[in-house]
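In what follows, chains carry the letters A, B, and so on, assigned in the order in which the sequence lines appear, proteins first and then strands, with residues in each chain numbered from 1.
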Amino acid sequence: MHNVFDMRAAILRWYDDQGRTLPWRVRPEDRAAGVVPEPYAIWLSEVMSQQTTLAHATPYWTAYLSTFPTVIDLADADREVILSMWAGLGYYARARNLHKCAGVVRDEHGGVFPTDEKTLLTLPGIGPYTAATIAAICAEEATNIVDGNVERVISRIFAYDDPLPKGRKGLRELAGTLVRDDRPGDYGQALMDLGATICSPKSPTCLICPWQTWCVAHAAGESVKYPIKTKKKPTPVRYGYAYVLRCGDQILVERRPDKGLLGGMLGVPTSAWGEKPTDHSAAPMKRNWEKIGEVVHVFTHFELRLDVFGAEKDQIDDRMWMFDPSGLPTVFSKVVKSAHKKTGP
DNA sequence: CAGTCGTGGCT
DNA sequence: TAGCCAAGACT
């Protein structure tokens, strides 16, 4: 039923023809001409792309590669610079691990970025997905690349009925049955491309899918039903106060602790998050604090609502969140209410 | 191993 | 619009 040889031939043909390019990708024709993917650049792109849209990650990739041309440059760089350049990308543990990883490559691997899956798995910030992908792309190792895209494609092809995340292990094993030695790097990227373009979550275009003839879900007219997932509970709400202390065009910021939310990043002082405070004991200094706005920020597992305090004439705007390369705190992602200015478009 | 980690775009 | 989702890793 699922002829692996034919399936791989079909998706690789589709990949060769569709010509999708990414800034860090070496196309098959260039690969054939002798161009070899640079492991450092691939690693950067994969880490930045974890749980992040490629459109969002790409400018960061360009900036990092330009500022730190080699892994040695990155390892030798100041941590604060690396962190500040990550501002806005999210999941900041990735930035801390990025620097850590570069240091390990410099100190324990002679500055040469590893390309075998086993070694890659030992590095900070590199898990099963990233290790498999770097090894496949850079060393043509026949690894089992499984990301969100692949989960969706494979679950549909096999009409996999076990709900995620519990069924993740079984789904991964299913994906593994399609792994072969032939062009592992291109195959992995083709599979992810397929999930990102044709086999989309809500409206897959099955009619032009290279795997249509093998897709059990499509045959049953149930493509969008997969992957089946268990419902997640609603995100709770936490409250707190934030303090915008201005002096000229400067704003007081603090370096947040390394562990936990927004770890290592700059931020305006806030109270603890939980029940809404009833006083200003968490304020950075004594002052006649006046509420100048409200802010909502939705994190992965809770929603944060902050009352923002400052001086009367202070304002908050839509581009003001907690970090900024210059050291200025800037923006809360969504200003619900501002005491002095417009609340949005 | 279930919880902890951002942020923006899409429907 | 309220939820879903994104080239996941770590504890």
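- Judged by distance alone, with hydrogens and angles left aside, the side-chain atoms of A/Ser49 form a donor-acceptor pair with the main-chain N or O of A/Ser45 at under 3.5 Å.
- Distances from the side chain of A/Tyr92 to the nucleotides B/dG6, C/dA9, C/dC5 place B/dG6 closest.
- Base contact: A/Arg20 has a heavy atom under 4.0 Å from a base atom.
- Residue A/His297 has no polar side-chain atom (N or O) positioned under 4.0 Å from OP1 or OP2 of B/dG6.
- Side-chain contact between A/Trp289 and A/Leu245 is present, with heavy atoms from C-beta onward closer than 4.5 Å.
- Here A/His99 pairs with nothing under the ring-ring contact (aromatic ring centres under 6.0 Å, His included) rule; sequence neighbours left out.
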Extract from the structure each pairing of a protein N or O with an N or O of nucleotides 2-4 of chain B at less than 3.5 Å, listing the distance.
residue : atom : partner  : partner atom : Å
B/dG3   : OP1  : A/Lys233 : NZ           : 3.4

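- Put simply, OG1 on A/Thr130 and CZ on A/Arg94 are 10.0 Å apart, with the number rounded to the nearest 0.5 Å.
- The ring-ring contact (aromatic ring centres under 6.0 Å, His included) pairs that include a residue from residues 145-174 of chain A are A/His2-A/Phe158, where partners are two or more places apart or lie in different chains.
- The closest donor-acceptor contact from the side chain of A/Glu38 to the backbone of A/Tyr40 lies under 3.5 Å.
- A/Asn97 has its CG atom 12 Å from the P atom of B/dG6, to the nearest Å.
- Atom pair A/Met48:CE and C/dA7:C1' shows a separation of 14 Å (rounding to whole Å applied).
- Scanning residues 49-79 of chain A for heavy-atom distances under 4.0 Å to DNA chain C yields A/Ser49, A/Gln50, A/Gln51, A/Leu54.
- Judged by distance alone, with hydrogens and angles left aside, A/Tyr129 brings no side-chain donor or acceptor close enough to the base of C/dG8 to form a pair under 3.5 Å.
- Hydrophobic clustering, defined by side-chain heavy atoms of Ile, Leu, Val, Met, Phe, Trp and Tyr closer than 4.5 Å, groups A/Ile228 together with A/Tyr226.
- Under the 4.5 Å side-chain criterion, counting only non-hydrogen atoms from C-beta, A/Glu173 is not in contact with A/Thr177.
- Taking atom CD of A/Glu303 as the reference point, atom P of B/dT7 lies 14 Å away to the nearest angstrom.
- Within the 4.0 angstrom heavy-atom criterion, no nucleotide atom of any strand lies near A/Leu98.
- For the P atoms, the distance linking C/dA7 with C/dT11 amounts to 25 Å, nearest Å.
- By the salt bridge (charged side-chain N to carboxylate O under 4.0 Å, His left out) test, A/Arg180 is found to be paired with no residue, residues two or more places apart in sequence or in another chain being considered.
- Atom CZ in A/Arg94 sits roughly 12 Å away from atom P in C/dC10 (whole-Å rounding).
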Quiz prompt | Full working for side chain to side chain contact (heavy atoms under 4.5 Å, CB included) between A/Arg183 and A/Tyr187 | solution = CA-CA 6 Å; A/Arg183 299 177 60 187; A/Tyr187 170 75; 5.5 Å; no
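- The distance from atom NZ of A/Lys232 to atom P of C/dG3 is 11 Å, rounded to the nearest whole Å.
- DNA chain B is contacted by no residue of residues 183-207 of chain A, taking any non-hydrogen atom closer than 4.0 Å.
- Spacing of P atoms, B/dC5 relative to B/dG9, comes out at 24 Å, to the nearest Å.
- Going from atom NZ of A/Lys231 over to atom P of C/dC4 covers 9 Å, rounded to whole Å.
- One atom, CD of A/Glu46, and another, P of C/dA6, lie 15 Å apart when rounded to the nearest Å.
- For residues 103-134 of chain A, the set of pairs meeting the ring-ring contact (aromatic ring centres under 6.0 Å, His included) definition, not counting sequence neighbours, comprises A/Trp43-A/Phe113.
- Not counting sequence neighbours, A/Thr235 has no partner by the side-chain hydrogen bond (donor to acceptor under 3.5 Å, both in side chains) test.
- Per the geometry, CG belonging to A/Leu89 stands 17 Å off P belonging to C/dA6, to the nearest Å.
- For A/Asp182, there are no side-chain hydrogen bond (donor to acceptor under 3.5 Å, both in side chains) partners two or more places apart in sequence or in a different chain.
- Residues from residues 131-163 of chain A with heavy atoms under 4.0 angstrom of DNA chain C, sorted by number: A/Asp147, A/Gly148, A/Asn149, A/Arg152.
- Partners of A/Gln51 under the side-chain contact (heavy atoms from CB on, under 4.5 Å) rule, at least two apart in sequence or in another chain, are A/Tyr91.
- Note: A/Phe302 and A/Phe299 have tilted aromatic rings, judged against thresholds of 30 and 60 degrees for the angle between ring planes.
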